[in-house]
Amino acid sequence: MYNTLSKRKEEFVTVQPGHVGMYLCGPTVYKPSHIGHMVGPVIFDTVKRYLEYSGWKVTWVVNITDVDDKLIAESALRGTTMAKLAEEMTADYLANLAALGVRSIDKMPKATEHIDNIIGFVQGLVEKGFAYASEGDVYFDVTKDSDYGRLSNRSVESMQGEGGSTVDRKRSAADFALWKKAKQGEPMWESPWGPGRPGWHIECSAMSRAILGEQFDIHGGGLDLVFPHHENEIAQSESLHGCCMARYWMHNGLMQAAGTTGKVGGRSAAQSLPEATLDAQAQAATKISKSTGAEPFKKLLERHRPETVRVLVLSTHYRSPIHFGEEPLGESARAMEAFERLFSRYERLSGKSFYVLTAKNRRDGDAAANLAGNEAELLRVKFLAAMDDDFNTAVGIATLFDFVRLVNKYIDQHGLEKKSSADVLSQLSEMMLVLRELTDTLGLFLTEPIATRIGADEKTVSKLMELVIEIRSRSRAAKDFATADLVRTKLAEAGIVVEDRADGTLWSRKKEAT
RNA sequence: GGCGCCGUAGCCAAGUGGCUAAGGCAGCGGAUUGCAAAUCCGCCAUCGUGGGUUCGACUCCCACCGGCGCCUCCA
């Protein structure tokens, strides 16, 4: 896997054999989470699934930053308390994670629950001479850390830059706050340096140590956190512990708002327009952040299934930026239908739902023996090879598409829809189990889409449709195609698609053509 | 200004110093279908531009053009 620290791919060797400690920098809970906040969790959820599949025991920690300048500002704006705001936004975050099927986080520590721990950490740094107190603040002295800047490839000198005018409390401009003195009316905790609150970077150092130990395996986050956040975490932890913090630093690419016009990276039409018409949404590609006002993720879920988001995220390599927007989402949704059509095809033939299949873990199975003339096995091996190579989910998903084609072909060639055959059916089931095994590692297709489930109020519709289809089938049998076509056309207008298949007529709701 | 990333078909997106440059969406042709839909088969790129290294580069190096990120809060 790729390590930001060494800037190359490395063999994955854990601190403790068989166990992986993984820490992901979570959100500052001051606003509803947007799509950008979901990328990390989806990616690392997949990483965890795959590592577990591969035989590791994984402890995954995601922190919640519930004390911070932005929280103070936002709660003041809303006329609420910081704690309440944090609680509300944390709930929002958790709900979104749940929707996306990210359920594998083991611990979610909050900064405010670790204040003592944080104070102890800062004290340790002060005692060792890496930090100094200054008028109620405590700063980390970057000049004491000879390694400072190695993650982000910067030097202390290069950062002395403009400096700024309000840094008189700091010894040098690059020093960063470990502890911030409280101003009037701000939330505060008592400390050896007076009332105040933790700086931004310190919580991750303190909490990762508390839960995962001084040294753990994977530390992740968005590419935008490399500097200064992660750089500073390393400085704090390694200065205090005298050794290495995380072995592997994994950084995911950021979400970019895809331009509504033209190609990203080329001359988009928008750029040739007069400036007046060139506003935020017409820009080619920009990072989604608070400045561009990304919509809350919850709103997005009103239009798109979580599965679609997951597919979109995983069809790009995790270190690359993801072009995000209605169009890419619609495309992912359409692409996904191929899988779901296969699932329902399988269900019609076997009577079993793909969603309840339980695949066995054959990670270390005897691949060679199974390989003989078995294309499904070949694809499985290809999939695993891709995932083994720095979690290449894009290639993984590509082989899954190949897999779908393979299975469809198998059904076609054996005419399974025309005449059933126990032999063919059991082969089919075997293949579906392999597909289940692989999609499990990506966290895909875990639950049946709600749209296909028929709820109580849908019962009537369902009965009615049965009747309509029955009548239409009779006209078809009587070669009265005019009537049959009329029914189908009218149903299409009502948003219902009719399919005459070898094994009977099906109807379904038309997918939104986004 | 400093550090870094990217530029592959109409669109999205993998990948490799030399074997057919994945996969998806869209499109086209065919099989199948009463006609459709779905499915299957086939077609659709020489890899931003210009140099260099090499027996050989899309893949390595340099320059240029274009896009993006970080350097302040950000997943």
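Within every chain, numbering begins at 1; the chains are lettered A, B, ... in the order of the sequence lines, protein sequences first and strands thereafter. Everything quoted here is computed from the prediction, not taken from an experiment. Only this structure's heavy atoms are used, side chains among them; waters, hydrogens and symmetry mates stay out.
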Trainee: Can you tell me the pairing partner of U72(B) across any strand shown, Watson-Crick or G-U wobble, with both distances under 3.5 angstrom?
Mentor: none

Trainee: From NZ of Lys70(A) over to C1' of A75(B), roughly how many Å is that when rounded to an integer?
Mentor: 10 Å

Trainee: When the ring planes of His201(A) and His229(A) are compared, do they come out parallel, tilted or perpendicular, using 30° and 60° as the limits?
Mentor: tilted

Trainee: Between Met432(A) and Phe343(A), does a side chain to side chain contact (heavy atoms under 4.5 Å, CB included) hold up when you go through it step by step?
Mentor: CA-CA 9 Å; Met432(A) 292 308 273; Phe343(A) 299 158; 3.9 Å; yes

Trainee: Donor-acceptor pairs under 3.5 Å, side chain of residues 99-109 of chain A to any protein atom, not counting sequence neighbours: which ones?
Mentor:
unit_1    : atom_1 : unit_2   : atom_2 : d
Arg103(A) : NH2    : Ala98(A) : O      : 3.3
Ser104(A) : OG     : Asp45(A) : OD1    : 2.5
Asp106(A) : OD1    : Lys48(A) : NZ     : 3.3
Asp106(A) : OD2    : Lys48(A) : NZ     : 2.8
Asp106(A) : OD2    : Trp60(A) : N      : 2.6

Trainee: Take atom CZ of Phe324(A) and atom P of C68(B), then tell me their distance rounded to the nearest Å.
Mentor: 19 Å

Trainee: Over all strands shown, is Arg345(A) touching base, sugar-phosphate only, or nothing at heavy-atom distances under 4.0 angstrom?
Mentor: sugar-phosphate

Trainee: Tell me the salt bridge (charged side-chain N to carboxylate O under 4.0 Å, His left out) pairs involving residues 436-445 of chain A, sequence neighbours left out?
Mentor: Arg362(A)-Glu437(A), Arg380(A)-Glu437(A), Arg436(A)-Asp440(A)

Trainee: Can you tell me how far C1' in G27(B) sits from the matching atom in G50(B), rounded to whole Å?
Mentor: 34 Å

Trainee: Provide the distance between the two C1' atoms, one in G7(B) and one in C35(B), to the nearest whole Å.
Mentor: 46 Å

Trainee: Reading nucleotides 14-24 of chain B from the 5' end, what letters show protein touch, with B for base, S for backbone sugar-phosphate only, - for no heavy atom under 4.0 Å?
Mentor: SS------BSB

Trainee: For Gly220(A), answer base if it contacts any base atom (sugar-phosphate contacts may also be present), sugar-phosphate if it contacts only those atoms, and nothing otherwise; contact means non-hydrogen atoms under 4.0 Å.
Mentor: nothing

Trainee: Taking only the side-chain nitrogens and oxygens of Asn153(A), find out if one of them lies under 4.0 Å from OP1 or OP2 of G4(B).
Mentor: yes

Trainee: Going by atom type alone, with no hydrogens or angles, which donor-acceptor pairs under 3.5 Å involve a side-chain atom of residues 483-492 of chain A and a protein atom two or more places apart or on another chain?
Mentor:
unit_1    : atom_1 : unit_2    : atom_2 : d
Thr483(A) : OG1    : Asp480(A) : OD1    : 3.0
Thr483(A) : OG1    : Asp480(A) : OD2    : 2.4
Asp485(A) : OD1    : Arg488(A) : NH2    : 3.3
Thr489(A) : OG1    : Asp485(A) : O      : 2.6

Trainee: Base of C35(B), side chain of Asp500(A) - is there a donor-acceptor contact under 3.5 Å?
Mentor: yes

Trainee: Taking atom types as they are modelled, is there a donor-acceptor pair under 3.5 Å from the base of C35(B) to the side chain of Arg488(A)?
Mentor: yes

Trainee: Determine the Euclidean distance between corresponding P atoms of C19(B) and A38(B); express it in Å to zero decimal places.
Mentor: 36 Å

Trainee: Does C19(B) have a Watson-Crick or wobble partner in any strand here, with both distances under 3.5 angstrom, and which is it?
Mentor: none

Trainee: Examine A75(B): is either OP1 or OP2 under 4.0 Å from a nitrogen or oxygen in the side chain of His34(A)? Give yes or no.
Mentor: no

Trainee: In whole angstrom, give the distance that lies between atom CG of Leu223(A) and atom P of C3(B).
Mentor: 17 Å

Trainee: Given the C1' atoms of C61(B) and A22(B), what is the spacing between them in whole Å?
Mentor: 28 Å

Trainee: For residues 396-406 of chain A, tabulate all N or O donor-acceptor pairs below 3.5 Å that involve a side-chain atom, not counting sequence neighbours.
Mentor:
unit_1    : atom_1 : unit_2    : atom_2 : d
Thr399(A) : OG1    : Gly396(A) : O      : 2.8
Asp402(A) : OD1    : Arg405(A) : NH1    : 3.4

Trainee: Determine the interatomic distance between C1' on G18(B) and the same-named atom on C41(B); round to the nearest Å.
Mentor: 31 Å

Trainee: Both distances under 3.5 Å, Watson-Crick or G-U wobble: report the partner of U59(B), or none.
Mentor: none

Trainee: Whole angstroms only, please: what is the CG-P distance between Leu349(A) and A38(B)?
Mentor: 18 Å

Trainee: Using a heavy-atom cut-off of 4.0 Å across all strands, would you classify Gly222(A) as base, sugar-phosphate, or nothing?
Mentor: sugar-phosphate

Trainee: Roughly how many Å apart are A75(B) and C70(B), using the P atom of each and rounding to a whole number?
Mentor: 12 Å

Trainee: How many whole angstroms separate atom CG of Leu254(A) from atom C1' of G4(B)?
Mentor: 13 Å

Trainee: Return whichever of Gln413(A) or Val498(A) has its heavy-atom-nearest nucleotide of RNA chain B closer to the 5' end.
Mentor: Val498(A)

Trainee: Hey, which of Leu442(A), Thr46(A), Thr393(A), Ile43(A) is the one that makes side chain to side chain contact (heavy atoms under 4.5 Å, CB included) with Arg310(A)?
Mentor: Thr46(A)

Trainee: Take the protein atom CZ of Phe176(A) and the nucleotide atom C1' of C71(B), then report the distance between them rounded to whole Å.
Mentor: 15 Å

Trainee: For a quick test of reading the model: is some side-chain N or O of Lys409(A) closer than 4.0 Å to OP1 or OP2 of U39(B)?
Mentor: no

Trainee: Check whether any side-chain heavy atom of Thr505(A) sits under 4.5 Å from a side-chain heavy atom of Arg472(A), and report yes or no.
Mentor: yes

Trainee: Is Arg341(A) close enough to U39(B) that one of its side-chain N or O atoms is under 4.0 Å from OP1 or OP2 there?
Mentor: yes

Trainee: Would you mind classifying the nucleic acid contact of Arg150(A) as base, sugar-phosphate or nothing, using non-hydrogen atoms under 4.0 angstrom?
Mentor: nothing

Trainee: Under a 3.5 Å cut-off for both contacts, is G10(B) paired Watson-Crick or G-U wobble with anything, and if yes, with which nucleotide?
Mentor: C25(B)

Trainee: Paired with U53(B) by Watson-Crick or G-U wobble geometry, both distances under 3.5 Å: which nucleotide is it?
Mentor: none

Trainee: Run through Ile218(A), Asn63(A), Ile211(A), Asp217(A) and flag the one making a side chain to side chain contact (heavy atoms under 4.5 Å, CB included) with Tyr23(A).
Mentor: Asn63(A)

Trainee: Show the nearest heavy-atom pair for residues Arg154(A) and Ser152(A), with the distance to one decimal.
Mentor: NE-OG, 3.0 Å

Trainee: Start at the 5' end of RNA chain B and walk down; is the nucleotide closest to His229(A) or to Leu406(A) reached first?
Mentor: Leu406(A)

Trainee: Taking U39(B) as the reference, what is the distance to U33(B) when you measure between their C1' atoms (whole Å, please)?
Mentor: 11 Å

Trainee: Arg303(A): which residues meet the salt bridge (charged side-chain N to carboxylate O under 4.0 Å, His left out) condition with it, sequence neighbours left out?
Mentor: Glu295(A), Glu326(A)

Trainee: When the distance from CG of Asp68(A) to C1' of U72(B) is rounded to whole Å, what number comes out?
Mentor: 13 Å

Trainee: Under 4.0 Å between any heavy atoms, over every strand shown, what does Asn408(A) touch: base, sugar-phosphate, or nothing? Just pick one.
Mentor: sugar-phosphate

Trainee: Roughly how far apart, to the nearest Å, are G52(B) and C58(B) at atom C1'?
Mentor: 16 Å

Trainee: Please determine, for A37(B), whether a Watson-Crick or G-U wobble partner exists with both distances under 3.5 Å, and give it or none.
Mentor: none

Trainee: Could you tell me the Watson-Crick or G-U partner of U32(B), where both distances fall under 3.5 Å? Say none if there is no partner.
Mentor: none

Trainee: Rounded to whole Å, please give me the gap between CG in Leu97(A) and C1' in A75(B).
Mentor: 12 Å

Trainee: I want to verify a distance call: between G69(B), A36(B), C40(B), whose nearest atom is closest to the Gln256(A) side chain?
Mentor: G69(B)

Trainee: Using a 4.0 Å heavy-atom cut-off, does Ser332(A) contact any base of the nucleic acid, only the sugar-phosphate backbone, or nothing at all?
Mentor: nothing

